[in-house]
Amino acid sequence: MEVTPPAEERAAMPEGHVLEFIDVTKRFGAVSAVDGLTARVEPGTVTGFLGPNGAGKTTSLRILLGLVGATSGRATIGGKRYAELPRPLQTVGAALEASSFHPGRTAANHLKVYAQAAGLPTTRVDEALGLVGLADAAGRKTGGFSLGMRQRLGLAYTLLGDPGVLVLDEPANGLDPEGIKWLRGFLGALAREGRTVLVSSHMLAEVQQTVSSVLVLSRGRLVYQGDMADLTQTDDQAVIIDAPDRAALARALDAAGYDYEALRTGFTVRGGDPVALGAIAAAAGIALSNLQRRGPALEELFLALVDGTRTHASVAGAPPESEPNSTTEAGEPR
C-alpha cells in the first residue's frame with residue numbers, strides 16, 4: 001500500500017527528525033544493557049535497529065522515548081529529549097513490544113481513547129485505520145483480532161498524530177507473507193515522504209528487504225552502522241565464472257595469471273572482479289554461462305558481527321566477549 005496524499009496536503013507533510021544516541025549507557029545492577037551507544041538515524045530512510053535477543057535494542061528505544069532513564073549519555077529527537085517535545089504524539093509515533101487491547105472494545109474506540117487524550121481530532125482514527133488496511137474492521141472488537149491485525153492496529157496508533165518519526169519494535173511479528181510485503185511498501189512510502197523510520201528486529205532476514213540503513217547492536221554495544229549494501233562488502237568476496245567450454249575458460253584464466261578452484265558450479269576466483277573476468281572471456285571468444293560475485297550469506301555476516309568474530313570499520317572497537325545479556329525489562333536488559 002502506497003501512502004500518496006493529495007497534492008494540497010503535500011506541503012504540510014510531517015517533518016522527519018534526526019535521532020541521536022550520544023554515549024548512552026544503561027546498567028541494571030552489574031549488567032550493562034547498553035554500553036556507550038553512539039549512533040545517528042537520519043530522516044528519509046528506513047533504518048533497521050538489529051541485534052539478537054538481549055542485545056539492548058528495546059532498552060535503547062525506551063531511553064529514546066523517555067520510558068527509562070539512561071545511566072549516562074543522552075538520546076534525542078531533533079536535538080531534544082522526548083520529555084522536552086512540545087507535541088510528542090505529533091512528533092513521534094512509537095510501538096514497543098505487543099500492544100495491549102481491551103477485548104471488548106472496537107478498533108475505532110481503542111484509538112479514540114488515545115486521540116481524545118492527546119487532543120487530536122477523532123477524524124484521525126478513521127484515517128489511521130485506513131492507512132493500515134483496517135478500515136473494514138473499525139467496528140470489530142479487538143478480542144477477535146488475529147496477531148497480524150493486532151500489529152496493524154498498533155501501527156495505526158503510531159500514526160494517530162501524523163508524526164514525522166516512527167519507532168517500531170518488531171513490526172513484522174505475526175504478519176503473513178502478504179502482510180510483510182505490505183509493511184515493506186508502507187514503511188518505504190513513509191520514508192520517501194521525509195519521515196524518520198526506525199525499525200527494531202532480531203531477525204535480519206525479516207527486514208533486509210525493508211531497510212536501507214542499519215545499526216547492529218551486540219551485548220549493548222554498536223558493532224555496525226551504515227548502509228545495508230556496505231554490510232556485505234568483505235574480503236571474502238569471490239567470483240563464480242563458468243562456460244560450456246570449460247577447458248578454454250581454464251586456459252584463459254591460466255594465461256591471465258588467475259588462481260581459481262574448479263567446482264561443480266564453475267570456477268571460483270578469489271578476489272576477482274566480474275568485469276575484468278568477463279573481459280578476459282570475451283577477448284578469448286568464450287561464451288559464458290555464469291558470471292556472478294559471491295560472498296558470505298548476509299545472515300552469516302550478521303552473526304559474525306554479533307558474536308564478535310568480525311569487526312567492521314564503521315565502529316571503533318569490538319563487543320566484549322563476556323557477559324551476554326539475556327534478561328528482560330523488569331530488571332533484565334533487552
Is a side-chain donor or acceptor of [X] paired with a backbone partner of [Y] at a separation under 3.5 angstrom?
{"X": "R81", "Y": "A75", "answer": "no"}
{"X": "S146", "Y": "M149", "answer": "yes"}
{"X": "S201", "Y": "E170", "answer": "no"}
{"X": "Q225", "Y": "L215", "answer": "no"}
{"X": "Q90", "Y": "D162", "answer": "no"}
{"X": "T59", "Y": "G56", "answer": "no"}
{"X": "K57", "Y": "F49", "answer": "no"}
{"X": "R62", "Y": "V68", "answer": "no"}
{"X": "T38", "Y": "D23", "answer": "yes"}
{"X": "Q116", "Y": "V113", "answer": "no"}

Hphob cluster co-occupancy, [X] + [Y], side-chain heavy atoms under 4.5 angstrom:
{"X": "L85", "Y": "I63", "result": "yes"}
{"X": "L249", "Y": "I240", "result": "no"}
{"X": "L190", "Y": "V18", "result": "no"}
{"X": "L65", "Y": "I22", "result": "no"}

Exercise: do T25 and T71 side chains pair donor with acceptor under 3.5 Å: no

Would you tell me whether T58 and D169 have side-chain atoms, one donor and one acceptor, within less than 3.5 Å of each other? yes

What distance separates [X] [atom1] from [Y] [atom2], expressed to the nearest 0.5 Å?
{"X": "K26", "Y": "S60", "atom1": "NZ", "atom2": "OG", "result": "11.5 Å"}
{"X": "I280", "Y": "Y258", "atom1": "CD1", "atom2": "OH", "result": "4.0 Å"}
{"X": "D242", "Y": "L291", "atom1": "CG", "atom2": "CG", "result": "10.5 Å"}
{"X": "R105", "Y": "L111", "atom1": "CZ", "atom2": "CG", "result": "10.5 Å"}
{"X": "Y82", "Y": "I77", "atom1": "OH", "atom2": "CD1", "result": "7.0 Å"}
{"X": "L168", "Y": "N173", "atom1": "CG", "atom2": "CG", "result": "12.5 Å"}

Give a yes or no on whether a salt bridge exists between R124 and E127, defined as a side-chain N under 4.0 angstrom from a carboxylate O. yes

For the residue pair [X] and [Y], what are the closest heavy atoms and their distance?
{"X": "L288", "Y": "G278", "result": "CD1-CA, 4.3 Å"}
{"X": "A108", "Y": "V125", "result": "O-CG1, 3.6 Å"}
{"X": "G130", "Y": "A135", "result": "CA-CB, 4.1 Å"}
{"X": "S213", "Y": "D227", "result": "OG-OD1, 3.9 Å"}
{"X": "A128", "Y": "A156", "result": "CB-O, 3.5 Å"}
{"X": "P43", "Y": "G194", "result": "CB-O, 3.6 Å"}

Check the surroundings of atom CZ in R246: do more than 12 heavy atoms from other residues, nucleotides or ligands lie under 6.0 Å from it? yes

Heavy-atom neighbours of N290 CG exceed 12 at 6.0 Å: yes

Could K112 and Y114 be counted as a cation-pi pair, given that NZ or CZ must be under 6.0 Å from the ring centre and within 45° of the axis? no

Evaluate the criterion side chain to side chain contact (heavy atoms under 4.5 Å, CB included) for residue pair T268 and R270; output intermediate values, then yes/no. CA-CA 6 Å; T268 298; R270 300 288 177 188; 4.1 Å; yes

Determine whether T106 and T142 make a side-chain contact, defined as any pair of heavy atoms from C-beta on separated by less than 4.5 Å. no

L50 vs V199 side-chain heavy atoms within contact, under 4.5 Å: no

Using 30° and 60° as the class limits, which term best fits the ring planes of Y260 and F267: parallel, tilted or perpendicular? perpendicular

